There are 2 protein chains.
Amino acid sequence: MEMKSAIVALGALAQDTRLAIFRLLVEAGPAGLPAGALAEQLAVAPATMSFHLAQLAQAGLVTSIRDGRSIIYAADFEAMGALVGYLTENCCRSQPEQCGPGCLPPARTTITSAAKGASSHEKVSRSRRGQ
Amino acid sequence: MEMKSAIVALGALAQDTRLAIFRLLVEAGPAGLPAGALAEQLAVAPATMSFHLAQLAQAGLVTSIRDGRSIIYAADFEAMGALVGYLTENCCRSQPEQCGPGCLPPARTTITSAAKGASSHEKVSRSRRGQ
DNA sequence: TCCATATTTTTATAAATATGGAAATGAAAT
DNA sequence: ATTTCATTTCCATATTTATAAAAATATGGA
């Protein structure tokens, strides 16, 4: 997966309703769910649901199949796996041990948490704006 | 990691400049890079860089340390690992085998790619808008 | 064909975001 | 104390995004 499509996928998931949609679809498995059911469960207008589903579809994260009058959406697990793979690469390339479980396979749990001096700085602050 | 912070983190990475920033910081490792160097490397105005760095900091994806006149930013690998973990959970909960490598630890590579019928539908289309 | 249902497109509007110039802040050097 | 350098805040502007009402499209049944 290259940067461009990763950004589109990330943007697609970076929204309350869409992330909720995707979670429902993951839960539903390959069988998926019709757009109407999703709209009802999440209590959003049909047009709004269509907008978000289109966004997810364009990002390649969901698949759509027409079944009679309904259109059934399903999570594209392969695409999601590719996204996770991209992030894993871009997270762990230099410091595999620090990424915690979930980033790399939970093989070596013996992370002695030492020997990684940050040059010669002090005063660590986690954020700035709105702490 | 709960949904709210995952969305913030996803949104922070779902942007060209910010993803590029993060990739540079991952490459730089725990030592990090000063804001000025990032601005120069990515050819964006200082004010713009500051804006994006604030966004990443607020999302908890980067750390900042003042070193003399410079402020050094570094990727927060632990936070990134948490994000990847969240996505992995929300991707593979129902269909671990289909997520491909990168989602689950590349243990069982014997995915026979069969037996996952989607109920009883036809006409699979990957997208709609702008295909 | 006509009607009912499911979804999408169109259109408009409000809100959020990205951008960079100019001024302000913080820290070091003279 | 003044100057210099790095970064941030303030401000204005352009773009993108989320939302929903109304109209359009597609499907199935009477």
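Chain identifiers are assigned alphabetically (A, B, ...) following the order of the sequence lines, protein sequences preceding nucleic acid strands; residue numbering begins at 1 within each chain. Being a predicted model, the structure only gives us computed values, none of them experimental.
One atom, CD of Gln55(B), and another, C1' of dT9(D), lie 15 Å apart when rounded to the nearest Å. Between the P atom of dA18(D) and the CG atom of Leu19(A) lies a distance of 13 Å, rounded to the nearest Å. A straight line from CZ of Arg18(A) to P of dT16(D) spans 15 Å, rounded to a whole angstrom. Going from atom CG of Leu42(A) over to atom C1' of dT7(C) covers 16 Å, rounded to whole Å. Between Ile71(A) atom CD1 and dT5(C) atom C1' there is a gap of 13 Å when expressed in whole angstrom units. Here the C1' atom of nucleotide dA6(C) and the CD atom of Glu40(A) are 13 Å apart, to the nearest Å. One atom, CD1 of Ile65(B), and another, C1' of dA27(C), lie 17 Å apart when rounded to the nearest Å. One interatomic measurement links the two molecules: CD1 of Ile7(B) to P of dA16(C), which rounds to 15 Å at whole-angstrom precision.
Residue pairs meeting the side chain to side chain donor-acceptor pair (under 3.5 Å) criterion with at least one partner in residues 4-17 of chain B, sequence neighbours excluded, are Glu2(B)-Ser5(B).
Residues from residues 32-39 of chain A with heavy atoms under 4.0 angstrom of DNA chain C, sorted by number: Pro34(A), Ala35(A), Gly36(A).
Residues Met1(A) and Ala79(A) come closest through the heavy atom pair CE-O, 4.3 Å. Between Leu25(A) and Ala74(A) the shortest heavy-atom distance is CD1-C, 4.2 Å.
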Taking Watson-Crick and G-U wobble pairs with both distances under 3.5 Å, convert DNA chain D into its dot-bracket string, 5' to 3', dots for unpaired and | for cross-strand pairs. ||||||||||||||||||||||||||||||
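Regarding contacts with the backbone of dT8(C), a side-chain N or O of Tyr73(A) is found under 4.0 angstrom from either OP1 or OP2.
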List the atom pairs, with distances to 0.1 Å, where a side-chain N or O of residues 29-45 of chain A and a protein N or O form a donor-acceptor pair under 3.5 Å, not counting sequence neighbours.
none

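Annotation: side chain to side chain contact (heavy atoms under 4.5 Å, CB included) contacts of Arg69(B) (sequence neighbours excluded): none.
Considering CZ of Arg93(B) and OG1 of Thr88(B), their distance stands at 12.0 Å, rounded to 0.5 Å. Atom CG of Leu19(B) and atom CG of Leu13(B) lie 6.0 Å apart (nearest 0.5 Å). Here the straight-line distance linking atom CG of Leu53(A) with atom CG of Leu61(A) works out to 11.5 Å at 0.5 Å rounding.
Note: the hydrophobic cluster containing Leu83(A) also contains Leu24(A) (ILVMFWY, side chain heavy atoms under 4.5 Å, direct or indirect links).
The closest donor-acceptor contact from the side chain of Arg18(A) to the backbone of His52(A) lies at 3.5 Å or more, if one exists at all. At distances below 3.5 Å, not a single donor-acceptor pair connects side-chain atoms of Ser50(A) with backbone N or O atoms of Pro46(A).
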The contact string for nucleotides 19-26 of chain D, one letter per nucleotide 5' to 3', using protein heavy atoms under 4.0 Å with B, S and - for base, sugar-phosphate only and none, comes out as BBBB----
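Mapped onto DNA chain D by nearest heavy atom, Met49(B) and Gly68(A) fall at different nucleotides, with Met49(B) at the one closer to the 5' end.
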